Amino acid sequence: MELYKTNQLKIYNSLSKSKEVFKPVLEGNVGMYVCGPTVYSNVHLGNVRTFMSFDLIFRYLKHLGYKVRYVRNITDAGHLTDDDAEDKISTKARLEKIEPMEVVQKYTVDFHTILQKLNFLPPSIEPTATGHIIEQIEIIKDILDKGMAYEINGSVYFDVLKYNETENYGILSGRNVEDTIENTRVLDGQSEKKNPQDFALWKKADESHIMRWPSPWSDGFPGWHLECSAMSTKYLGKTFDIHGGGMDLKFPHHECEIAQSKVNNHVNPVNYWMHANMLILNGQKMSKSTGNYILPNEIFTGENSILSKPFSPSATRFFMFQANYRSILDFTSTGLEASEKGYIKLMEAIQKLNKIETSSSSSIDIKVWKQKCYDAMNDDFNSPVLIAQLFEAVKFVNLLIENKETLVAEDLEEFKLTINEFVFDVLGLQDEEQEGSSDKISGVVEMLINMRKEARDNKDWALSDKIRDELAALGIQLKDGKDGTTFSVN
RNA sequence: GGCGUCGUGGCCGAGUGGCUAGGCUGGGCUCUGCAAAAGCUCCUACAGCGGUUCGAAUCCGCUCGAUGCCUCCA
């Protein structure tokens, strides 16, 4: 039987600001849409955090036995910048003297490379904005037909005030339109809009604009928020289960998506809105535009002044998951160091699992422990609490090795299976140490361990310490236990 | 200015009324030829002020501080 039938998953819904029991539209199936990156520069660690949070969510939903269709888009059409009315991708193209789609290609490849290093599962569908211009134009036509948008000088704008007469613009972000009127800054080039809070569905392109498509209104490009409505509806339906994204997209992006879809389809597009919180650096949000960011590759190579050393992808994943996805997380080198040590400790315990011997009785209640793991994840994907339970398991492993605790064969199997499922399938960690050391190296080290044992038996401390110290210098640490010596590669 | 979020022990980070996070660091003990590893153990905190309550880190109010959004942003 599928696990979701016996596990009550609760999800924090940004729309209701509370945890709700998760009930998908279609039993056993989940439709999830996450706003992907705008591919005009290298993806930074802050971007990665959001996608990693949803990678965890995707993995756990799958683990529970749901059939998940996970759609994560690539925004390759660019968005307007506020000062020059030129979109980001064509700005970058001019700067680097290459074609816009070349920029898109370059940074899409970078995005995929980074996520692969970090052991992300690929989404089910990864649609692009430029591949769905026709769908977007159709939605604009429909919104115009329904009288919720107006055309001026070849551009089309959504009429927020009119929409708000019958619907609630601000339902997600907690704003009300009256406040928005008073507090919207006056920006240049927006005077053609009826009201400052109206947002563009279609923008007419001026002569210099490279990325442009024909439409009934002008040669131009789609507005800021339309692509996600178009693609989520196309692949997941008018109402789907989960829509995710970074906290900074809540307003206006997601608010606008709701408005567009509501007019277009007369139903609420999303049942559960999920927002991942920001990763901060030097006390401020990581952001491309302010230059306050760190790139994943800089972590893997250690080439950044704030880092004391390089850190592996799995250590980075572990660091992220030691905080809840809804909390602000502060990125520091010392924080990563602490997580790395914890991660190594966990991996070492897993390597020791097959050395545990079975017993005629169990002194640990594995079912109780296992349930705590599920309880943690069922409580809005509480990965830090899951990790705390995994450290409980580490303690168990060490005690079992020393025969201070015992397990019968059946319990031991369940214990091993549960650890492996949560560590590798759900958290998506990898045993990098194991992969780094080949069988040949293991054989050589085992040989040296045996030689050292002979030396120790002969009380030849000079030789035994020499073997130990020289191996340590090579990054191989020997660990003397009651039942012999083991080693780990750093 | 408006709409939010947050303020937990040396550090990072869970925790929404009474019971415990967990990791890292540091101290002690056990084990060990020594060391490391491992185990046990100690350092027991909730920004401030007031209120509700038999009882609050947890609920309410105010103050202070931090931060996000309000313009593209994960």
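This is a predicted model, so every value here is computed, not measured.
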Between [N] and [M], how far is it from one [atom1] atom to the other, in whole Å?
| N | M | atom1 | answer |
| --- | --- | --- | --- |
| B:A37 | B:C43 | C1' | 23 Å |
| B:C60 | B:C70 | C1' | 28 Å |
| B:G22 | B:G15 | P | 14 Å |
| B:U41 | B:A14 | C1' | 23 Å |
| B:G18 | B:G7 | C1' | 24 Å |
| B:A38 | B:G23 | P | 12 Å |
| B:G61 | B:G26 | C1' | 40 Å |
| B:U53 | B:G65 | P | 31 Å |

*Counting distance only, does the side-chain N/O of A:Asn47 pair as donor-acceptor with the main-chain N or O of A:Val43 below 3.5 Å?*
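Judged by distance alone, no pair lies under 3.5 Å.
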*Look only at the side chain of A:Glu405 and the backbone of A:Leu399, and say whether a donor-acceptor pair between them is shorter than 3.5 Å.*
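No; judged by distance alone, with no hydrogens or angles, the pair does not exist.
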*Starting at the 5' end of RNA chain B, what dot-bracket string do you get if Watson-Crick and G-U pairs under 3.5 Å are bracketed, crossing pairs use [ ], other-strand pairs use | and unpaired bases use dots?*
(((((((..(((.....[...))).(((((.......)))))....(((((..]....))))))))))))....
Face-on cation placement of [X] at [Y] ring, 6.0 Å and 45° thresholds:
| X | Y | result |
| --- | --- | --- |
| A:Arg317 | A:Phe120 | yes |
| A:Arg72 | A:Tyr33 | no |
| A:Lys370 | A:Tyr374 | no |
| A:Lys17 | A:Tyr12 | no |

*Report, as yes or no, whether the 6.0 Å neighbourhood of atom NZ on A:Lys453 holds more than 12 heavy atoms from other residues, nucleotides or ligands.*
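Open.
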By nearest atom, which of the nucleotides [options] is closest to the [X] side chain?
| X | options | result |
| --- | --- | --- |
| A:Phe391 | B:C24, B:G33, B:G22 | B:G22 |
| A:Met286 | B:A74, B:C73, B:C3 | B:A74 |
| A:Asp480 | B:A37, B:C73, B:C34 | B:C34 |
| A:Ala388 | B:U67, B:A21, B:G2 | B:A21 |

Report the distance from atom [atom1] of [X] to atom [atom2] of [N], rounded to the nearest whole Å.
| X | N | atom1 | atom2 | answer |
| --- | --- | --- | --- | --- |
| A:His254 | B:C70 | NE2 | P | 13 Å |
| A:Leu249 | B:U71 | CG | P | 14 Å |
| A:Glu257 | B:C73 | CD | P | 11 Å |

*Take nucleotides 7-19 of chain B nucleotide by nucleotide from the 5' end and write B, S or -, depending on whether a protein heavy atom sits under 4.0 Å from the base, only from the sugar-phosphate, or from neither.*
------SSS----
*asked:* Within the 4.0 Å limit for protein heavy atoms, which parts of nucleotides 38-43 of chain B are touched? Write it as a string from 5' to 3', B for base, S for sugar-phosphate only, - for none.
replied: SSS---
_A:Lys404: partners by salt bridge (charged side-chain N to carboxylate O under 4.0 Å, His left out), with sequence neighbours left out_ =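 Checked A:Lys404 against salt bridge (charged side-chain N to carboxylate O under 4.0 Å, His left out); matches are A:Glu402.
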*Between A:Tyr12 and A:Leu45, which is nearer to the 5' end of RNA chain B once each is assigned its nearest nucleotide?*
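Its nearest nucleotide being more 5', the pick is A:Tyr12.
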*Specify the residue among A:Ser173 and A:Gly246 whose closest nucleotide of RNA chain B lies further upstream toward the 5′ end.*
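Result of the comparison: A:Ser173.
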*On a plain distance test, is the side chain of A:Arg468 in donor-acceptor contact with the base of B:A36 below 3.5 Å?*
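Result: no qualifying N/O pair found.
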Reckon [X] touches a base, only the sugar-phosphate, or nothing at all at heavy-atom distances under 4.0 Å?
| X | value |
| --- | --- |
| A:Gln389 | nothing |
| A:Lys250 | nothing |
| A:Gly36 | sugar-phosphate |

*Is there a residue in residues 455-467 of chain A whose heavy atoms reach under 4.0 Å of RNA chain B, and which residues are they?*
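RNA chain B contact set from residues 455-467 of chain A: A:Arg456, A:Trp461, A:Ser464, A:Asp465.
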*Which residues, if any, of residues 273-283 of chain A bring a heavy atom under 4.0 Å of RNA chain B?*
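The answer is A:Asn277, A:Met278, A:Leu279, A:Gly283.
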_Partner of A:Asp380 under salt bridge (charged side-chain N to carboxylate O under 4.0 Å, His left out), chosen from A:Lys19, A:Lys10, A:Arg326_ =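 The option that passes is A:Arg326.
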*Going by atom types only, do A:Gln351 and A:Asp431 share a side-chain donor-acceptor pair under 3.5 Å?*
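On atom types as modelled, these side chains qualify, holding a pair under 3.5 Å.
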_Taking 4.0 Å as the cut-off, does a side-chain nitrogen or oxygen of A:Lys285 come that near to OP1 or OP2 on B:A74?_
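For B:A74, neither OP1 nor OP2 has a side-chain N or O of A:Lys285 closer than 4.0 Å.
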*Trace of the ring-ring contact (aromatic ring centres under 6.0 Å, His included) decision for A:Tyr157 with A:Trp202*: CA-CA 7 Å; A:Tyr157 295 97; A:Trp202 188 264; over 10 Å; no
